[in-house]
Structures are given as C-alpha cells and as structure tokens.
Undergrad: 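Below is one structure. I have some questions about it.
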Amino acid sequence: MGKTVYNMKTTEITIVLHEFQSIGELPENDQLLLTEARRITALAYAPYSGFHVGAAVLLDNGLIITGNNQENSAYPSGLCAERVALFYANANYPESGVKSIAVSAAKNGVLVNDSVKPCGACRQALAETEVRFETPIRIILDGQNSIMVLQGVESLLPLSFSKKAL
Ligand code: THU
C-alpha cells in the first residue's frame, strides 16, 4: 500500500483586534459614535428576543446615522441594527463612504458583558460597503468586559465573497 503525498500549502490568516476596558479609553471620535449606538439601543423594537441592539455609522461626510434591530412576529422579516443603519446610510447618502460603525447591545436595559458580535449577514453587508467605497470600515463592538475595535471588515470576515469574484 503506497502512501499518497499531498503537496499541501498552509496559510495562517491573522486578524487584529484592539480591546479597551471602558468607553473613556477610546479615541474621541469612537467615544462619540459609541455613545450614539448606546442611545439608539434603548429604542430598539425587540419584543421577541429581548435583545436590544443599536448601531451608529460615521460617514465620510461627517454625518452619523443610527439604527436598531426591528423584529417581527414573522421572525425572519425582522432586521439587525447594523443593516438598518447601514442601509439607511447607503440609501440616503449613496456618495458617502462609511468610516466606522459602533455597535452596542443590551439585555433588560443592561449593556451585555461580552462585546457584541455582528451576525454573518451583517458582516457580508459591511464587506459590500467597504468594497463599494474602497475604504476600510473601523468597527467598534461594545461590551461591559471589553470594547473591541477592528480596523476593517477583513478582521470580521476573512475570505469573504465580493464582486471581485464575479
Ligand atoms: N441582532 C442585531 O441586531 N445585531 C447583531 O449583531 C446580533 C443580533 C438582533 C437580531 C434579533 O433582533 C436579536 O438581535 C436577537 O438575535
């Protein structure tokens, strides 16, 4: 019995994430954006999950657009906070790139312990916006224990699908 030898190549992909212990440690622009995300979290419509999420998007024209999760009794008809904010921004300011997004989340009105992680569909939507405007999006993820900051969607969604493949 012969042994098959595969000519395999292994690549390690590194993601970079910065962690801060409190909002006060963040750079001033991030603090402002995260404060907006926290404010809009409280206004989420999440009667089914009780998980309230808020997102604030900073555009390259300086505007901040906010959104929160909008649930529905027909569950899949609802939408995450990130996409509510991002799609509103892209719909109303199609010429403006997105510089950064801050996301916060609360259960029973209390900020979640671990930093909130965007779902796969929101990561894909963020990837689209990054490719569309050719600008990396800074991502700020809120939590009691740590606030994570990523420099671009590549760190959230490596090996992503994009129009480059079409
Ligand atoms: N949700 C968001 O809005 N963003 C996330 O990053 C994670 C999940 C919403 C969807 C749903 O309304 C609720 O949180 C529970 O999954």
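Whatever order the structure lists them in is the order used to number ligands and atoms, beginning at 1.
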Undergrad: Do any N or O atoms from the side chain of S77 and from the backbone of Y75 form a donor-acceptor pair under 3.5 angstrom?
TA: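 No; zero donor-acceptor contacts below 3.5 Å.
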Undergrad: Relative to the heavy atoms of S49, which atoms of ligand 1 are at a distance of less than 4.0 Å?
TA: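 Heavy-atom distances to S49 below 4.0 Å select 13 (C), 15 (C).
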Undergrad: Using a 3.5 Å distance criterion without hydrogens, assess whether the side chain of D142 forms a donor-acceptor pair with backbone atoms of V103.
TA: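 It does not hold such a pair.
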Undergrad: Which option out of V53, L141, N68 puts a heavy atom nearest to atom 1 (N) of ligand 1?
TA: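 That would be V53.
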Undergrad: Mark yes or no for whether N108, through its side chain, and V110, through its backbone, hold a donor-acceptor pair below 3.5 Å.
TA: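 Here the side-chain-to-backbone pair does not exist.
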Undergrad: Does Q31 use its side chain to pair, donor to acceptor, with the backbone of L26 at less than 3.5 Å?
TA: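 Yes, because the side chain of Q31 sits within donor-acceptor range (under 3.5 Å) of the backbone of L26.
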Undergrad: Any non-hydrogen atom of R83 lying under 4.0 Å from ligand 1?
TA: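 Checking ligand 1 against R83, which is what was asked, there is no heavy-atom contact under 4.0 Å.
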Undergrad: Using atom types as modelled and distance alone, determine if a side-chain donor or acceptor of N69 lies under 3.5 Å from a backbone N or O of H52.
TA: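 Answer holds: no.
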Undergrad: Please report which non-hydrogen protein atom sits nearest to atom 10 (C) of ligand 1, along with the residue it belongs to and the distance in Å to one decimal place.
TA: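 Looking at atom 10 (C) of ligand 1, the protein heavy atom closest to it is C80 SG, 3.9 Å.
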Undergrad: For atom 9 (C) of ligand 1, what's the nearest protein heavy atom and its distance?
TA: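 I find the closest protein heavy atom is N69 ND2, 3.5 Å.
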Undergrad: Keeping Q144 on the side-chain end and V112 on the backbone end, is there a donor-acceptor pair under 3.5 Å?
TA: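 Side chain of Q144 to backbone of V112: no pair is present.
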Undergrad: Out of Q70, E82, H52, E71, who is nearest to atom 5 (C) of ligand 1 when you count heavy atoms only?
TA: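 The nearest heavy atom belongs to E82.
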Undergrad: Quick one: does A46 get within less than 4.0 Å of ligand 1, heavy atoms only?
TA: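 So A46 does not count as touching ligand 1.
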Undergrad: Name the closest protein heavy atom to atom 7 (C) of ligand 1, giving the residue it belongs to and the distance to 0.1 Å.
TA: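 Among all protein heavy atoms, the one nearest atom 7 (C) of ligand 1 is K117 O, 4.3 Å.
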Undergrad: Identify the protein heavy atom lying closest to atom 3 (O) of ligand 1, giving its residue, its atom name and the separation to 0.1 Å.
TA: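 Answer, as residue, atom name and distance: A81 N, 2.9 Å.
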